[in-house]
Amino acid sequence: MSHLLHTGAPVRTPELVILGGPNSGKTHYAGQLYGRIRRRPGLLRLRHEQGTPSNLAALEEVLRCLEEGHAASHTSADAWAEVLLPLVDERGNAIDLRWPDYGGEQLRSVFESRAVSDAWRLRLTKADGWILLIRLKSEPTYPDAFEELKKSKEKASSSNTARAVSWDANARWVELLQILLHVAGLGQLSRLQRPRLAVLLSCYDELGAAPQQPPREVLNETLPLMSSFIESTWAPGEASIWGLSSLGCLLEPNSENATFIDEGPEHQGWLVPPEGGTSDTDLTRPLAWLVGSR
Ligand SMILES: Nc1nc2c(ncn2[C@@H]2O[C@H](COP(=O)(O)OP(=O)(O)OP(=O)(O)O)[C@@H](O)[C@H]2O)c(=O)[nH]1
Ligand SMILES: [Mg+2]
């Protein structure tokens, strides 16, 4: 999709959908992206001829919290806010990107009620790229459950009761992705070229994974079923898996982190690219890949 600026230069307007449950890191990634494109540009930066975009109060607020060394607050369950980021890539291509933030409970309730609002259906159908934020540390899995199944009833641990009421994250993500693909009208007979999928393993610092390990391997070790679902659903090269640490460490609402205060949030946070290797401070890389600027 594109429209013309009054200068005659075409501006691309790719649509992205951000998918992440509560506490998955959506708001802090958005705030850190904003700090990067404004103050420490990488592959994507702000288009200054546009002046300061006017609807950025929410992101300014996240950055202000981080400058004071503490976390921003949880986004309320029914909130939906969208900002328009006028960007330019390395080659000088102008891109207008609408970036949404919302309470992650909305995605959870899609799964639980198996119902998708018209607004979500439209977004999913129109999107050129999907971003999936997964905080692996908070994903419940039960790798020992199969072993337990072999034991007699008396010997099996009582934690089986908990398993019976809580879904393994593998099954939950595959089910959710199937619902979303179905709603978006995307069949799974042939592997998908569009929308591109960027899986961001958020709060990657919590996992202690070595940067040289490709994040795909980390996903595969932790959520093997979900990882193979992605590999068999998307065409090779159209899904990529990144390690994302927007903050580099955990901040609480009452933290006073001296490094954030002294050096500024734009100097914190890093990601591990799909191929692994050294970590990179350019948090815009997954977006540049999604919108085809890389
Ligand atoms: N360790 C670590 N913690 C992080 C990072 N990014 C965010 N967090 C923490 O994770 C918590 C949740 O992050 P948010 O960005 O608020 O999550 P959200 O997806 O917007 O959550 P909802 O608003 O509830 O939908 C916050 O307490 C952050 O401090 C990170 O890179 N590393
Ligand atoms: Mg939030």
Side-chain angles (χ1 to χ4, degrees), residues 16-36 40 56-83 98-112 117 120 123 130-139 169 172-173 176 198-209 211 215 218-219 222 241-261 263-273 279-287:
L16 299 183
V17 170
I18 324 286
L19 301 165
N23 240 11
S24 58
K26 297 182 296 301
T27 297
H28 287 85
Y29 184 41
Q32 285 290 72
L33 269 178
Y34 179 53
R36 288 299 203 278
R40 199 184 174 199
L56 292 168
L59 294 186
E60 297 275 3
E61 172 59 15
V62 179
L63 260 192
R64 191 191 59 74
C65 293
L66 296 177
E67 279 163 358
E68 291 173 1
H70 62 87
S73 42
H74 157 72
T75 316
S76 68
D78 53 0
W80 176 273
E82 211 164 56
V83 295
R98 279 193 290 129
W99 190 270
D101 196 16
Y102 57 91
E105 286 89 351
Q106 293 180 33
L107 192 66
R108 183 174 282 172
S109 84
V110 166
F111 173 74
E112 279 165 8
S117 68
W120 267 95
R123 277 176 219 131
W130 290 9
I131 297 177
L132 206 61
L133 267 97
I134 305 180
R135 188 174 183 174
L136 284 179
K137 191 101 190 273
S138 321
E139 296 289 339
R172 195 165 39 76
W173 275 112
L176 180 61
V199 179
L200 309 185
L201 305 178
S202 60
C203 307
Y204 205 64
D205 54 285
E206 290 179 331
L207 304 176
V218 176
L219 180 66
T222 324
I241 303 181
W242 309 67
L244 170 71
S245 178
S246 307
L247 303 179
C249 62
L250 177 69
L251 292 183
E252 308 276 3
N254 60 357
S255 309
E256 290 179 9
N257 185 297
T259 319
F260 274 77
I261 297 171
E263 295 175 8
E266 68 275 19
H267 292 286
Q268 314 309 318
W270 43 266
L271 54 73
V272 178
S279 53
D280 190 334
T281 56
D282 180 5
L283 301 183
T284 69
R285 277 185 64 176
L287 307 190

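Counting starts at 1 for both ligands and their atoms, in listed order. Basis for what follows: all heavy atoms, side chains included, without hydrogens, waters or symmetry-related copies.
Among all non-hydrogen protein atoms, the one lying nearest atom 17 (O) of ligand 1 is G25 N, 3.0 Å. Scanning all protein heavy atoms for the shortest distance to atom 10 (O) of ligand 1 gives R135 NH1, 3.0 Å. In terms of protein heavy atoms, atom 12 (C) of ligand 1 is closest to N23 OD1, 3.1 Å. Of the protein's non-hydrogen atoms, H28 ND1, 3.3 Å is the one closest to atom 16 (O) of ligand 1. Among protein heavy atoms, atom 32 (N) of ligand 1 sits closest to D205 OD1, 2.8 Å. Closest protein heavy atom to atom 2 (C) of ligand 1: C249 O, 3.4 Å.
Atoms of ligand 1 lying under 4.0 Å from at least one heavy atom of A71, given by number and element, are 29 (O). Close approach to C203 involves these atoms of ligand 1, each under 4.0 Å from a residue heavy atom: 2 (C), 3 (N), 4 (C), 5 (C), 6 (N), 8 (N), 30 (C), 31 (O), 32 (N). The L247 neighbourhood of ligand 1 comprises atoms 4 (C), 5 (C), 6 (N), 7 (C), 8 (N), 29 (O), 30 (C), 31 (O), with distances under 4.0 Å to a heavy atom of that residue. For ligand 1, the atoms lying closer than 4.0 Å to a non-hydrogen atom of Y102 are 25 (O). Each of the atoms 23 (O) of ligand 1 lies under 4.0 Å from some heavy atom of T75. Residue S246 approaches ligand 1 through these ligand atoms, each under 4.0 Å from one of its heavy atoms: 31 (O). Residue G103 approaches ligand 1 through these ligand atoms, each under 4.0 Å from one of its heavy atoms: 25 (O). Short contacts between ligand 1 and G21, defined as distances under 4.0 Å to a heavy atom of the residue, involve ligand atoms 19 (O).
With contacts defined as side-chain heavy-atom distances shorter than 4.5 Å, the pair R40/T281 qualifies.
Residue E252 has no N or O atom closer than 3.5 Å to an N or O atom of ligand 1. Polar contact with ligand 1: absent for E105 (N/O pair, distance under 3.5 Å).
The count of protein N, O or S atoms under 2.8 Å from the Mg ion (ligand 2) stands at 2, with waters excluded from the count.
Evaluation of the ring-ring contact (aromatic ring centres under 6.0 Å, His included) rule for Y102 yields W80, W120 as partners, not counting sequence neighbours.
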